[in-house]
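Below: one structure, written as structure tokens.
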Number of protein chains: 2
Amino acid sequence: MATGRTHRPATRSRGIPEATVARLPLYLRALTALSERSVPTVSSEELAAAAGVNSAKLRKDFSYLGSYGTRGVGYDVEYLVYQISRELGLTQDWPVVIVGIGNLGAALAGYGGFASRGFRVAALIDADPAMTGKPVAGIPVQHSDDLEKIIEEDGVSIGVIATPAGVAQQVCDRLVAAGVTSILNFAPTVLSVPDGVDVRKVDLSIELQILAFHEQRKAGEESNAEAAAEAETAAAVAPPAPRGGSTGGSRKGPDGDVPAVMPA
Amino acid sequence: MATGRTHRPATRSRGIPEATVARLPLYLRALTALSERSVPTVSSEELAAAAGVNSAKLRKDFSYLGSYGTRGVGYDVEYLVYQISRELGLTQDWPVVIVGIGNLGAALAGYGGFASRGFRVAALIDADPAMTGKPVAGIPVQHSDDLEKIIEEDGVSIGVIATPAGVAQQVCDRLVAAGVTSILNFAPTVLSVPDGVDVRKVDLSIELQILAFHEQRKAGEESNAEAAAEAETAAAVAPPAPRGGSTGGSRKGPDGDVPAVMPA
DNA sequence: ATCTGTGAAGCGGTTCACAGCA
DNA sequence: TGCTGTGAACCGCTTCACAGAT
């Protein structure tokens with residue numbers, strides 16, 4: 001998951017719910033596909049299916065943008081594409097810098113989805129002098145010494161951090177100091193930024209851990225019945241005692257199951 | 001953000017809230033760092049700061065796991081690490097296959113966060129015969145013809161899709177048919193899966209678009225002190241007419257590119 | 001007849017504030 | 001006294017169900 005930050009203390013009820021904003025790109029993608037197939041209109045039902053949401057939610061979402069549909073008919077694809085693009089700010093060009101050109105940075109640099117939606121890779125930046133000048137995805141890597149200059153000259157306001165976790169915060173600080181106000185962070189660290197700067201986080205490890213949690217539950221359910229075994233088995237494996245003594249599984253979830261067994 | 005899927009129709013009031021589960025990896029990371037520095041205990045306040053959340057939320061989250069803290073003192077670091085690991089299912093080994101070894105797949109294969117938390121890259125799979133046998137991050141790439149065999153033999157239940165969008169659904173279908181029940185999808189597509197299969201999505205383009213939305217708002221605010229200049233002004237700039245026939249597409253897709261690509 | 005737009009109800013998650021324990 | 005654990009208030013998002021437009 002990625003985490004948003006400080007989106008106005010709800011001063012005035014100006015505008016669109018965050019959850020809706022997060023889905024607009026989804027709708028936009030589905031609409032773009034329809035547009036390419038020259039489909040003139042879609043119903044909320046069809047578009048919702050294509051975007052993987054339910055139709056009530058979609059209609060509610062669109063209602064925040066305005067009344068762009070036609071009752072009894074549906075939505076005009078081209079018109080909606082335009083309205084959503086405008087709402088998201090994609091009708092303008094956003095120069096982006098990517099810092100840290102390892103495997104991940106290179107993957108991002110070559111990602112088609114960037115260029116295709118108003119984003120332009122303004123520069124690739126890496127601290128390794130050996131990388132400097134080397135073209136990645138057709139763009140020459142620049143040295144991090146020039147970070148501030150690049151950002152100021154190109155008027156970059158969005159930065160992507162794909163560096164090791166250890167240097168992410170300092171890279172972040174430099175980006176912010178140079179004028180960047182939105183950051184997409186791939187490093188597994190909590191970045192601290194001043195007010196007014198947005199940070200979104202993409203964390204591969206976290207996503208996998210969430211999957212593992214649900215996977216574990218599934219496994220536990222199939223072979224239910226031995227739930228009685230409880231944590232005791234697991235507890236025998238390597239449980240650092242909390243404090244002085246007892247504490248032995250005082251309380252669990254409402255169901256008290258919590259398997260802990262079942263390999264893949 | 002990534003999107004969770006079908007987590008039981010809330011039949012009964014099962015365990016831990018999804019939002020809490022999503023934060024457990026965050027706490028775990030912070031705790032691991034403390035553990036490495038041999039810090040014995042933390043208060044909810046300190047740990048919350050390290051994880052980037054507020055302390056009330058953290059305490060509430062932990063309350064779903066049980067009473068693992070000591071009033072007046074705080075939480076035992078080692079003990080909490082163990083409890084959260086167990087809750088997330090990280091005390092067991094999870095073999096993972098990565099399908100699609102482009103730049104992104106290679107980045108994932110080499111990502112340290114995998115191995116460090118109970119995940120093991122069981123296989124790298126790619127459809128390109130030229131890749132077969134070539135080692136990436138020390139692991140030889142295998143051809144996708146063998147996908148089913150690999151999954152069954154290694155008992156893989158988690159799959160990562162890092163292929164181009166065009167083939168993501170069929171890769172997904174094969175993974176599921178072979179027994180995979182959790183999927184982490186990096187391709188910009190909505191995957192459809194049968195009940196009981198979890199999908200989480202990581203979409204770089206969507207994250208950027210959300211940032212762009214907020215970035216645009218910031219820019220708009222600076223210039224007006226209080227004015228409520230409605231969006232309709234912008235609508236006058238270049239709006240494709242809502243209705244009025246003409247599908248004969250003048251501009252087919254404002255951003256002229258398909259979401260068909262993913263890694264480079 | 002059909003499909004959008006939306007008030008209202010429902011639900012899950014966050015925050016508050018304080019009781020309870022060390 | 002200090003900090004956890006938690007009921008209850010609160011808030012935002014989702015879902016429902018239907019009024020309203022074509």
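Order of the sequence lines fixes the chain letters, A, B, ..., with proteins taken first and strands second; residue numbering starts at 1 for each chain.
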### Query
For A:Tyr75 and C:dG5, is the shortest distance between a side-chain N/O and OP1 or OP2 below 4.0 Å?
yes
### Message
Is the phosphate of C:dC3 approached by A:Ser43 (side-chain N or O, under 4.0 Å from OP1 or OP2)?
### Response
no
In whole angstroms, how far is the [atom2] atom of [N] from the [atom1] atom of [X]?
{"X": "A:Tyr64", "N": "C:dG7", "atom1": "OH", "atom2": "P", "result": "10 Å"}
{"X": "B:Glu45", "N": "C:dC16", "atom1": "CD", "atom2": "C1'", "result": "14 Å"}
{"X": "B:Tyr79", "N": "D:dT4", "atom1": "OH", "atom2": "C1'", "result": "15 Å"}
{"X": "B:Leu58", "N": "C:dC16", "atom1": "CG", "atom2": "P", "result": "15 Å"}
{"X": "A:Glu18", "N": "D:dC13", "atom1": "CD", "atom2": "P", "result": "8 Å"}
{"X": "B:Glu46", "N": "D:dG2", "atom1": "CD", "atom2": "P", "result": "14 Å"}
{"X": "B:Tyr68", "N": "D:dT6", "atom1": "OH", "atom2": "C1'", "result": "17 Å"}
{"X": "B:Asp61", "N": "C:dT15", "atom1": "CG", "atom2": "C1'", "result": "12 Å"}

### Side chains of A:Ile183 and B:Leu211 in contact at under 4.5 Å (non-hydrogen atoms)
no
### Query
According to the salt bridge (Lys or Arg N to Asp or Glu O under 4.0 Å) rule, which pairs have a member within residues 51-61 of chain B, sequence neighbours left out?
B:Arg23-B:Asp61
### Task
Assign a letter to each nucleotide of nucleotides 15-22 of chain D from its 5' end: B, base within under 4.0 Å of a protein heavy atom; S, sugar-phosphate only; -, no contact.
B-B-BBBS
### Query
Can the ring centres of B:Tyr68 and B:Tyr75 be said to be less than 6.0 Å apart?
no
### Query
Distance-only, no hydrogens or angles: does the B:Thr20 side chain make a donor-acceptor pair with backbone N or O of B:Ile16 under 3.5 Å?
no
### Task
Run through A:Val96, A:Val160, A:Leu175 and flag the one making a side-chain contact (heavy atoms from CB on, under 4.5 Å) with A:Val180.
A:Leu175
### Query
Between B:Ser205 and B:Gln209, do the side chains contain an N or O donor and an N or O acceptor separated by less than 3.5 Å?
yes
